[in-house]
Amino acid sequence: MSVRRLAEDTVQPEGFRFDRARSAEAKVWIKKYPKGRQQSAVIPLLMLAQDQEGWVTRASIEHIAEMLDMPLIRVMEVATFYTQFMLQPVGTRAHIQVCGTTPCMLRGAEDLMKICQRKINERQFHRNADGTLSWEEVECQGACVNAPMVMIGRDAYEDLTPERLEEIIDAFEAGKGDTITPGPQIDRVFAAPVTGLTSLLDDVKPASGKRAKASAKAGGKASKSAGTSGAATRTGARKVSSTAEIAKTASAVRPKSKPPAKTVEGGNSTMKLAATASGRAKPPAKSAKAATTKGATTDAGKTGVDDKNRPPVIDKPAQPDDLKLISGVGPKLEGTLHSLGIYTFAQVAKWKKAEREWVDGYLKFKGRIDRDDWVKQAKVLAKGGVDEYVRVFGKKPR
């Protein structure tokens, strides 16, 4: 492992203090550990300092050591050991981490590094002329099937070409990084095969109650017959269990053969649900059309757009709330909620059970709205925004 040292004194700031939101989050992290074990919060506190400053400064290390009543050298050891901590200034708008492990290298990571050298700086960890961008080569970042890829901040940008990375770099340099959607940069649903689905194409259903009982009865008779056979007794042959007989006759568990589906829409309900789980993936066109048809139904009940349980709608305000702050809501899902006339946290916070079930059914989420507790999140955000969210949940909204 290479030697990691703190940046030169010439670039070190004189002091450090957590801002209000991160100070509250730091206290939440410290409280997670039992009395006398607060030093266990050193890694999350260093991450908070890096989120705030862009890198881990000497002053932030000293401040965290004081907060945790921890020897300075111990905090220094942690900061210099883990390569996730940047020990010198990085780009103020983007620090690009290019994966150089084998799958990404085979898929063109070297070409991505050449783009970084040409557009940012020839050397790693050195910023461009304006100080807005920097880059480095890193080890595997866990998106091998979508190679090659880079990380910017906490977001992954996958299935890259040199041309696409140039566009992404230009967007971040112009301060418009938020216009780039993370994830695959090609027409792929998360990590699904680019050639279309090849598995999980059918819902496998067990044998019905009557058929299972009949199979079990037949298996029991076969077992008894085998057990009383003179030849079987002499040779010590095992009896055939009813389970084995059921396994032989249960044709219902054999999936019907179908040609591989080329899209998520061709898969089963589990795959369709997974495809929209983060709110980023496009909902299946047929399902969306069916959901908007008057009188359409789902597992959650009637979800027609004219249904009495549909939540009240409002005209689009001049400044809608950022519904993406609700965990589980992404850009695409926010657009769908807008199409339903839902623009503010206050609206979501007032949803009754029947209204939640209507929206859940419309989105085909199968109970996810209650599992993620959208209503509580919306109430907190409507009351005090991000600061209140951090105070209540102990973390920043996504």
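Heavy atoms only: backbone and side chains are in, while hydrogens, waters and symmetry mates are out.
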Colleague: Do L112 and F125 belong together in a cluster built from hydrophobic side chains that touch within less than 4.5 Å?
Modeller: no
Colleague: If you compare all heavy atoms of I43 against all heavy atoms of F85, which two are closest, and at what distance to 0.1 Å?
Modeller: O-CZ, 4.0 Å
Colleague: Would a distance-only check, ignoring hydrogens and angles, find a side-chain to backbone donor-acceptor pair under 3.5 Å from W358 to P311?
Modeller: no
Colleague: Verify, without hydrogens or angle tests, whether R4 (side chain) and T80 (backbone) share a donor-acceptor contact under 3.5 angstrom.
Modeller: yes
Colleague: Going from OG1 on T336 to NZ on K332, what distance comes out if it is rounded to the nearest 0.5 angstrom?
Modeller: 9.0 Å
Colleague: Are K119 and D170 packed together at the side-chain level, in the sense that at least one heavy-atom pair is separated by less than 4.5 angstrom?
Modeller: yes
Colleague: For residues E357 and K353, determine if any side-chain heavy atom of one lies less than 4.5 Å from a side-chain heavy atom of the other.
Modeller: yes
Colleague: With a 4.5 Å limit on heavy-atom distance, are the side chains of L45 and I30 in contact?
Modeller: yes
Colleague: Any salt bridge between E25 and R22, counting N to O under 4.0 Å?
Modeller: no
Colleague: Check whether I61 and M86 end up in the same hydrophobic cluster, where Ile, Leu, Val, Met, Phe, Trp and Tyr are linked by side-chain heavy atoms less than 4.5 Å apart.
Modeller: no
Colleague: Which atoms form the tightest heavy-atom contact between L325 and Y389, and what is the distance?
Modeller: O-CE1, 4.3 Å
Colleague: Looking only at atom types and distance, does a side-chain atom of Q377 sit under 3.5 Å from a main-chain N or O of D372, one as donor and one as acceptor?
Modeller: yes
Colleague: So which atom in A354 and which in N309 form the shortest heavy-atom distance, rounded to 0.1 Å?
Modeller: CB-OD1, 3.7 Å
Colleague: How long is the gap from CZ on F345 to CD1 on I326, to the nearest 0.5 Å?
Modeller: 5.5 Å
Colleague: Between Q12 (side chain only) and A59 (backbone N and O only), is there a donor and an acceptor less than 3.5 Å apart?
Modeller: no
Colleague: Any side-chain heavy-atom pair from Q347 and D321 closer than 4.5 angstrom?
Modeller: no
Colleague: Would you call R118 and E166 a salt bridge, taking side-chain N to carboxylate O under 4.0 Å as the test?
Modeller: yes
Colleague: State which residue, out of T179, I96, L160, V150, fulfils the side-chain contact (heavy atoms from CB on, under 4.5 Å) condition with I168.
Modeller: L160
Colleague: Which atom pair, heavy atoms only, marks the closest approach of A65 to L72?
Modeller: CB-CA, 4.0 Å
Colleague: Closest approach of A346 and A382, non-hydrogen atoms and distance?
Modeller: N-CB, 4.3 Å
Colleague: Atom CG of residue position D69 - does it have more than 12 heavy atoms of other residues, nucleotides or ligands inside 6.0 Å?
Modeller: no
Colleague: Applying side chain to side chain contact (heavy atoms under 4.5 Å, CB included), name anything that partners T102, two or more places apart in sequence or on another chain.
Modeller: L106
Colleague: Any chance you could lay out the side chain to side chain contact (heavy atoms under 4.5 Å, CB included) test for Y82 and L46, step after step, and finish with the verdict?
Modeller: CA-CA 11 Å; Y82 293 104; L46 284 169; over 6 Å; no
Colleague: Looking at CD of E137 and CD of E110, how far apart are the two atoms once the value is rounded to the nearest 0.5 Å?
Modeller: 8.5 Å
Colleague: For the atom pair CZ (R164) and CD1 (I115), what is the distance rounded to the nearest 0.5 Å?
Modeller: 13.5 Å
Colleague: Could you go through the side chain to side chain contact (heavy atoms under 4.5 Å, CB included) check for T161 and I186 one step at a time?
Modeller: CA-CA 10 Å; T161 62; I186 61 174; over 6 Å; no
Colleague: So does W29 have more than 12 non-hydrogen atoms from other groups sitting under 6.0 Å from CH2?
Modeller: no
Colleague: Tell me whether M105 is reachable from V145 by hopping between hydrophobic residues (I, L, V, M, F, W, Y) whose side-chain heavy atoms are closer than 4.5 Å.
Modeller: no
Colleague: Enumerate the residue pairs fulfilling side-chain hydrogen bond (donor to acceptor under 3.5 Å, both in side chains) with a member in residues 49-66, sequence neighbours excluded, ordered by first and then second residue.
Modeller: D9-R58, R17-H63, D51-R154, T57-S60
Colleague: Quick check: do Q117 and W135 have side-chain heavy atoms less than 4.5 Å from each other?
Modeller: yes
Colleague: Is there a donor-acceptor contact under 3.5 Å from the side chain of Y343 to the main chain of H338?
Modeller: yes
Colleague: Between E355 and K350, is a side chain to side chain contact (heavy atoms under 4.5 Å, CB included) present by the stated rule, with each step listed?
Modeller: CA-CA 9 Å; E355 294 169 338; K350 293 178 182 178; 5.8 Å; no
Colleague: Does any part of the side chain of L68, heavy atoms only, come nearer than 4.5 Å to the side chain of V42, both counted from C-beta?
Modeller: yes
Colleague: Apply side chain to side chain contact (heavy atoms under 4.5 Å, CB included) to F190 and N146, showing your working.
Modeller: CA-CA 8 Å; F190 301 119; N146 298 52; over 6 Å; no
Colleague: Give, for atom CE of M76 and atom CG of L87, the distance between the pair rounded to the nearest 0.5 Å.
Modeller: 9.5 Å
Colleague: Do you reckon V98 sits in the same ILVMFWY cluster as I180, going by side-chain contacts under 4.5 Å, direct or chained?
Modeller: yes
Colleague: Are V28 and F393 side-chain neighbours, meaning at least one heavy-atom pair lies under 4.5 Å?
Modeller: no
Colleague: Over all heavy atoms of both residues, which pair between Q38 and G36 is shortest? Give the atoms and the distance, please.
Modeller: OE1-N, 2.9 Å
Colleague: Can a donor-acceptor pair be found, under 3.5 Å and without considering hydrogens, that links the side chain of D360 to the backbone of R368?
Modeller: yes
Colleague: Out of Q88, H95, R123, which one pairs with S134 under the side-chain hydrogen bond (donor to acceptor under 3.5 Å, both in side chains) rule?
Modeller: H95
Colleague: What's the separation between atom CG in L337 and atom OG1 in T344, rounded to the nearest 0.5 Å?
Modeller: 11.0 Å
Colleague: Applying the side-chain hydrogen bond (donor to acceptor under 3.5 Å, both in side chains) criterion to D159, which one of R107, R188, Q185 satisfies it?
Modeller: R188
Colleague: Using modelled atom types only, decide if a donor and an acceptor are shared between the side chain of N128 and the backbone of L133 within a distance under 3.5 Å.
Modeller: yes
Colleague: Any side-chain heavy-atom pair from C99 and M151 closer than 4.5 angstrom?
Modeller: no
Colleague: Could you tell me whether a side-chain N or O of R93 sits under 3.5 Å from a main-chain N or O of G177, the two making a donor and an acceptor?
Modeller: no
